J.: 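So that we are looking at the same thing, I have put the structure below in structure tokens.
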Protein chains: 2
Amino acid sequence: MKDLDVVFKALADINRIRILKLLEKRKMCVCELAYILDVSQPAISKQLKKIARAGLIDSEQDGFWTNYFIKPKDDYAKKLLKLLSTWLNADAIVNDDLEKLKKANRENLCCKK
Amino acid sequence: MKDLDVVFKALADINRIRILKLLEKRKMCVCELAYILDVSQPAISKQLKKIARAGLIDSEQDGFWTNYFIKPKDDYAKKLLKLLSTWLNADAIVNDDLEKLKKANRENLCCKK
DNA sequence: AATTTAAATAACCATTTGGTTATTTAGACA
DNA sequence: TGTCTAAATAACCAAATGGTTATTTAAATT
């Protein structure tokens with residue numbers, strides 16, 4: 001039982017949903033997400049940790065950066081992420097985020113200052 | 001967007017999940033749920049309100065009692081409740097609750113004191 | 001009309017949540 | 001080796017959560 005409520009909790013926040021909708025498109029690093037959601041880097045780190053603990057995402061080192069990506073670890077995660085991928089695709093906030101994502105450039109956002 | 005995170009929030013609590021797994025079996029009144037989950041009547045009322053606002057359940061008057069029952073109001077609710085119905089059917093807590101449900105008798109639990 | 005009973009609401013409290021700024025950690029490269 | 005830089009962690013805070021007890025509301029019965 002414990003596991004399932006952890007997964008639902010991971011999905012029960014607008015910013016975490018926004019993160020997941022972004023990760024549907026591609027791997028992303030912390031600073032890109034912080035830029036797009038317009039919250040601090042530690043806030044994103046904490047949210048990612050919560051999503052990761054729930055078994056929805058994983059991460060890998062990539063040079064300077066840590067890439068986070070969708071990686072469902074069990075049936076709960078698999079089914080819920082699949083559902084989520086069918087939802088919010090016409091949502092205003094999500095689409096604004098995706099617009100911002102197109103312009104986002106890791107090298108400019110993070111390193112250069 | 002707002003709607004979806006409200007639905008996930010409604011599912012993001014063990015006691016609310018337990019309530020929904022019970023309502024999968026049959027309509028129930030507040031005092032039956034309070035007895036089975038072993039929390040106070042107002043606690044159940046609050047949880048039910050949260051689940052109802054998320055569009056997962058509805059209620060109807062039945063004599064002295066108010067019956068609550070599964071009633072998904074939109075696609076979010078429909079799909080998530082369907083998933084939930086396939087999960088936790090071997091869960092210890094859920095099965096204990098269902099055992100207790102078999103013995104639960106509205107007339108004895110509520111009215112008689 | 002008065003009484004009884006289930007459920008809702010109010011008031012309260014401890015814990016959790018989700019953000020912030022400041023600091024530490026660890027990988028990449030000069 | 002020493003210096004950058006991205007990400008993690010620590011410390012903090014206001015708001016939300018989920019429970020409690022006490023009280024109010026509203027439906028059903030006498």
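The sequence lines fix the lettering, A, B, ..., with proteins before strands; numbering per chain opens at 1. Just so it is clear, the structure is predicted and the values come from calculations on it, not from any experiment.
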J.: Ignoring backbone atoms, establish whether B/K50 has a side-chain N or O less than 4.0 Å from OP1 or OP2 of D/dT17.
T.: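 Answer is yes, contact under 4.0 Å.
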J.: Figure out the CG/C1' separation between A/D62 and D/dT5, and round it to whole Å.
T.: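 Value for this atom pair: 14 Å.
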J.: Expressed in angstrom and rounded to an integer, what is the separation of B/D58 atom CG from C/dA7 atom C1'?
T.: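 Answer to the nearest Å: 16 Å.
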J.: What is the separation between atom CG on A/L33 and atom P on C/dG18, rounded to the nearest whole Å?
T.: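 Roughly 16 Å, once rounded to whole Å.
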J.: May I ask you to verify whether the side chain of A/Q41 and the base of D/dA6 hold a donor-acceptor pair under 3.5 Å?
T.: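 Not at all, since no donor on one side and acceptor on the other fall under 3.5 Å apart.
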J.: Taking only side-chain nitrogens and oxygens of A/Y35, does any of them come within less than 4.0 Å of OP1 or OP2 of D/dA6?
T.: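 Indeed not, no polar side-chain atom of A/Y35 lies that close.
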J.: Of the nucleotides C/dG18, C/dA7, D/dT21, which has the atom closest to the B/T66 side chain?
T.: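 For B/T66, the side-chain atoms sit closest to C/dA7.
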J.: Starting at the 5' end of DNA chain C and moving along, which residue's nearest nucleotide shows up first, B/K46 or B/E32?
T.: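 Nearest nucleotide further toward 5': that of B/E32.
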J.: Between A/R16 and C/dT17, is there a side-chain N or O to OP1/OP2 distance below 4.0 Å?
T.: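 False: A/R16 side-chain N/O out of range (4.0 Å or more) of C/dT17 OP1/OP2.
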J.: Please state whether the phosphate of D/dT9, meaning OP1 or OP2, lies under 4.0 angstrom from any side-chain nitrogen or oxygen of A/K49.
T.: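 For D/dT9, OP1/OP2 do have a side-chain N/O of A/K49 under 4.0 Å.
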J.: Check every atom of C/dG19, C/dA7, C/dT21 against the side chain of A/P42 and return the nucleotide holding the closest atom.
T.: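 Closest nucleotide to the A/P42 side chain: C/dT21.
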J.: What is the separation between atom CG on A/L37 and atom C1' on C/dG19, rounded to the nearest whole Å?
T.: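 Answer to the nearest Å: 13 Å.
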J.: Measuring from the side chain of A/S40 (C-beta onward, heavy atoms only), which nucleotide among C/dT20, D/dA7, D/dG18 has the closest atom?
T.: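 The closest nucleotide is C/dT20.
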J.: Search all heavy atoms of B/I36 against all heavy atoms of B/L101 and return the closest pair with its distance.
T.: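 Heavy atoms only, the tightest pair is CD1-CA, 3.7 Å.
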J.: Less than 4.0 angstrom from a charged side-chain N to a carboxylate O is my criterion; do A/E32 and A/R26 meet it?
T.: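 Between A/R26 and A/E32 there is a salt bridge, with a charged N closer than 4.0 Å to a carboxylate O.
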J.: From D/dG19, D/dT17, C/dA10, pick the nucleotide closest to the side chain of B/K9?
T.: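 That would be D/dT17.
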J.: Measure the acute angle between the ring planes of B/W87 and A/Y76, then classify it against the limits of 30° and 60° as parallel, tilted or perpendicular.
T.: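 Perpendicular.
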J.: B/Y68 has an atom OH; how far is it from atom P of C/dA6, in whole Å?
T.: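 The distance from OH of B/Y68 to P of C/dA6 comes to 15 Å, rounded to the nearest Å.
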J.: Expressed as a whole number of angstroms, how long is the span from B/E60:CD to D/dA27:C1'?
T.: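 Taking CD of B/E60 and C1' of D/dA27, I get 15 Å after rounding.
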J.: Measure from the side-chain heavy atoms of B/C31 and tell me the nearest of C/dA6, D/dG19, C/dG27.
T.: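 Shortest atom-to-atom distance from the side chain points to C/dA6.
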J.: Could you point out which residue of B/I51, B/I93, B/L22, B/L84 forms a side-chain contact (heavy atoms from CB on, under 4.5 Å) with B/I17?
T.: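 Single pass found, and it is B/L84.
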J.: Hey, which sits more toward the 5' end of DNA chain C by its nearest nucleotide, B/S45 or A/Q47?
T.: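 Between the two, 5'-proximity favours B/S45.
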J.: Quick check on C/dA6: is either OP1 or OP2 less than 4.0 Å from any side-chain nitrogen or oxygen of B/N67?
T.: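 For C/dA6, neither OP1 nor OP2 has a side-chain N or O of B/N67 closer than 4.0 Å.
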J.: Mind calculating the distance between CG (A/D5) and C1' (C/dT17) to the nearest angstrom?
T.: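 Result: 15 Å.
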J.: Let me know the distance between CZ of B/F64 and P of D/dA28, rounded to the nearest Å.
T.: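 Checked: the CZ to P distance equals 8 Å.
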J.: The side chain of B/A43 is closest to which nucleotide in this list: C/dA6, D/dG19, C/dG19?
T.: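 It is D/dG19.
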J.: Is the closest basic N to carboxylate O distance between B/K100 and B/D96 below 4.0 Å?
T.: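 Looking at B/K100 and B/D96, the cut-off is not met.
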J.: After noting the C-alpha distance and the side-chain angles of B/K9 and B/V6, does the key distance pass the side-chain contact (heavy atoms from CB on, under 4.5 Å) rule?
T.: CA-CA 5 Å; B/K9 275 188 222 291; B/V6 169; 5.6 Å; no
